[in-house]
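As structure tokens, the structure follows; a few thoughts come after it.
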Protein chains: 2
Amino acid sequence: MKKPVSDLTLRRFPKYIQFLKTLQKRGEKYTSASEIARRLGVHHTQVRKDLALTGVRGIPKVGHKVDDLIKAITKFIYWDEISYAFLVGAGHLGTAILHYQGFVKAGFQIVAAFDKNPEKIGKNIASVKIYNIDRFSYFAEKMDVRIGIITTTSEVAQKITDLMVKNGIKAIWNFTPIKLSVPADIIVENVDIYPSLAVLLRKLHELEKASRKK
Amino acid sequence: MKKPVSDLTLRRFPKYIQFLKTLQKRGEKYTSASEIARRLGVHHTQVRKDLALTGVRGIPKVGHKVDDLIKAITKFIYWDEISYAFLVGAGHLGTAILHYQGFVKAGFQIVAAFDKNPEKIGKNIASVKIYNIDRFSYFAEKMDVRIGIITTTSEVAQKITDLMVKNGIKAIWNFTPIKLSVPADIIVENVDIYPSLAVLLRKLHELEKASRKK
DNA sequence: TAGATTGTTAATCGATTAACAATC
DNA sequence: TAGATTGTTAATCGATTAACAATC
């Protein structure tokens, strides 16, 4: 069995795509691992290793075709296939996610949203209809969706997780700061802003403490 | 000069706080590194090392006082001091962030928001007033704020960054997927959902490929 | 006391970076 | 050709985990 690619590595690919697309927009046909590295602030060897994983081969002295790189990376992280998802929790964050423009380029499509608030049920947000959470099982069976997005409050996140797992969801994109309990074969990806806030505040305060000392 | 704490380490502290607060709510007075480790799925030695950084000392056989741990961690990541921030870009994501309840516990307070959309200017979102982006310099000088949150489109993110840096912002919390260029002494923390989406989709598709093969 | 827990030092593991041969 | 670039193997670095003495 081949060794799975590490999360740390996978997480770099969207940044490569983002930069490559700006090159593409500027009309540049070729780029090099060194240019990508310089621009994104990562080591050029690392860029080479990452690109090698996608199977592309560059040409010495010339570099890589921008279009080919984008295509190879997009395929590698499966952004070339359509992936359907359900979203639960149509609050402010859920609304923001439903409005995200950028999911199109990742082949990512939210096909239904769920909430328990009667005022929201039946309405559309960014062309996605909001259903009563009671109907989750019904839609899950009907639509064969494997990805669930949780943008509820922390309090109900575990309950929603259990509901999702029971209804065939294989991957959960968790936007609450709660650690979810799931069976071993269920994928959980957490998006949490507090770790980032901790890093930001600690660094800022340490910096200011240091500059006061001088 | 003491070695700065690594980002990877800092990012774990909010998870500890989150778990400790659930214990606190349940009325538990004591906990152990082992319990935290088990519950959050990290190694107990790692929890011990992390806690040691904050300066707390546990009691063999007994463990740590929950209240003391929360206090020590909160102080370590400077969530016990008030930090003021400006937010630029009052779209869906900006709105969601302005509504975040959880910032209070981190001492984090958004004191003003900025946008260029005339329909938004003058209104309040979650009690935070929206001003014309033209007035950023004015408020920056008046209020002595050091943190800037960017929730604009990618297109204007660098321009807003430059504006912030010029006006004394020392730490930028960047919610766009753009790599920002800043002077060396400016702190940038990125919150980007695409890396997470890449991990989620790659893992899900690899899993499904593997299960089809069986 | 015995056992559970703490906290530290040493070993391991994996990611990053350095070095270098190959080549258009 | 010379030089820039690729891609790979080896070395380094840092984070995680193992081992273990100390102790309430």
Side-chain angles (χ1 to χ4, degrees), chain A residues 1-13 15-16 19-20 23 28-70 72-73 76 179 195 198-199 202-203, chain B residues 1-13 15-16 19-20 23 28-70 72-73 76 179 195 198-199 202-203:
Chain A
M1 200 177 108
K2 73 182 170 196
K3 202 164 63 178
V5 180
S6 83
D7 284 17
L8 250 42
T9 305
L10 287 173
R11 294 178 70 87
R12 283 191 294 267
F13 286 108
K15 296 182 200 301
Y16 296 151
F19 173 61
L20 291 165
L23 287 182
E28 316 255 352
K29 292 282 176 247
Y30 287 87
T31 187
S32 68
S34 330
E35 187 183 13
I36 298 172
R38 202 181 322 116
R39 179 50 202 273
L40 297 180
V42 300
H43 198 97
H44 65 99
T45 307
Q46 191 163 63
V47 176
R48 293 215 172 82
K49 283 198 161 181
D50 290 346
L51 296 184
L53 287 170
T54 71
V56 294
R57 304 290 301 188
I59 305 162
K61 194 172 170 174
V62 177
H64 296 263
K65 260 194 182 154
V66 173
D67 291 3
D68 291 354
L69 281 184
I70 291 175
I73 296 174
F76 189 71
K179 159 90 178 177
V199 173
R202 165 96 191 170
K203 283 188 182 169
Chain B
M1 198 178 108
K2 70 181 174 199
K3 202 165 65 180
V5 180
S6 83
D7 284 18
L8 251 41
T9 304
L10 287 174
R11 293 178 71 85
R12 283 191 294 266
F13 286 109
K15 294 182 202 298
Y16 296 151
F19 173 62
L20 290 166
L23 287 182
E28 316 254 353
K29 291 283 175 249
Y30 286 87
T31 188
S32 67
S34 328
E35 187 182 12
I36 299 172
R38 204 181 320 117
R39 179 51 201 271
L40 297 180
V42 301
H43 198 96
H44 66 99
T45 307
Q46 192 164 62
V47 175
R48 293 217 171 79
K49 281 198 162 178
D50 289 346
L51 296 184
L53 287 170
T54 69
V56 294
R57 302 291 300 189
I59 305 164
K61 193 172 172 174
V62 176
H64 296 263
K65 261 196 181 155
V66 173
D67 292 3
D68 291 356
L69 280 184
I70 292 175
I73 297 173
F76 188 71
K179 159 93 179 175
V199 173
R202 166 92 192 175
K203 283 188 182 170

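All chains are named by letter (A, B, ...) in the order of the sequence lines, taking the proteins before the strands, and each is independently numbered beginning at 1.
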From [atom1] of [X] over to [atom2] of [N], roughly how many Å is that when rounded to an integer?
| X | N | atom1 | atom2 | answer |
| --- | --- | --- | --- | --- |
| K65(A) | dT6(D) | NZ | P | 16 Å |
| L51(A) | dT5(D) | CG | C1' | 13 Å |
| L69(B) | dG7(C) | CG | C1' | 14 Å |
| L10(A) | dG14(C) | CG | P | 16 Å |
| K49(B) | dA19(D) | NZ | P | 15 Å |
| Q46(B) | dG14(C) | CD | C1' | 14 Å |
| D50(B) | dT17(D) | CG | C1' | 13 Å |
| E35(B) | dA4(C) | CD | P | 15 Å |

* To do: Would you kindly compare L8(A) and K61(A) by the position of their nearest DNA chain C nucleotide and give the one closer to the 5′ end?
  => L8(A)
* Contact nearer the 5' end of DNA chain C, comparing H43(A) with R57(B) ->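 Here R57(B) is the residue nearer the 5' end.
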* Asked: What is the minimum heavy-atom distance between V56(A) and A72(A), and which atoms define it?
  ->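 Taking every non-hydrogen atom into account, CG1-CB, 3.1 Å.
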* Asked: Which atoms form the tightest heavy-atom contact between T54(A) and L51(A), and what is the distance?
  ->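 Answer, listing the atom of T54(A) first, then L51(A): OG1-O, 2.7 Å.
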Under 3.5 Å on both distances, the Watson-Crick or G-U partner of [N]:
| N | result |
| --- | --- |
| dC24(C) | dG3(D) |
| dC13(D) | dG14(C) |
| dT8(D) | dA19(C) |

* Distance in Å, D50(B) CG paired with F13(B) CZ, rounded so as to fall on 0.5 Å steps ->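 Interatomic distance, D50(B) CG to F13(B) CZ, rounded to 0.5 Å: 4.5 Å.
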* Polar side-chain atom of R202(A) near backbone of F76(B) as donor-acceptor pair, under 3.5 Å -> yes
* What does S34(A) touch in the nucleic acid at a heavy-atom separation under 4.0 angstrom: a base, only the sugar-phosphate, or nothing? ->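 Contact class for S34(A): sugar-phosphate only.
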* Only one of D7(B), V5(B), T9(B) forms a side chain to side chain contact (heavy atoms under 4.5 Å, CB included) with V199(A), so which one is it? ->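 Of the listed residues D7(B), V5(B), T9(B), the side chain to side chain contact (heavy atoms under 4.5 Å, CB included) partner of V199(A) is D7(B).
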Are [X] and [N] close enough that a side-chain N or O sits under 4.0 Å from OP1 or OP2?
| X | N | answer |
| --- | --- | --- |
| R48(B) | dT6(C) | yes |
| H64(A) | dG7(D) | yes |
| S6(B) | dT16(D) | no |
| H44(A) | dT17(C) | no |

* Taking the nucleotide of DNA chain D with the closest heavy atom to each, which residue, P60(A) or T45(A), is nearer the 5' end? ->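 The residue mapped nearer the 5' terminus is P60(A).
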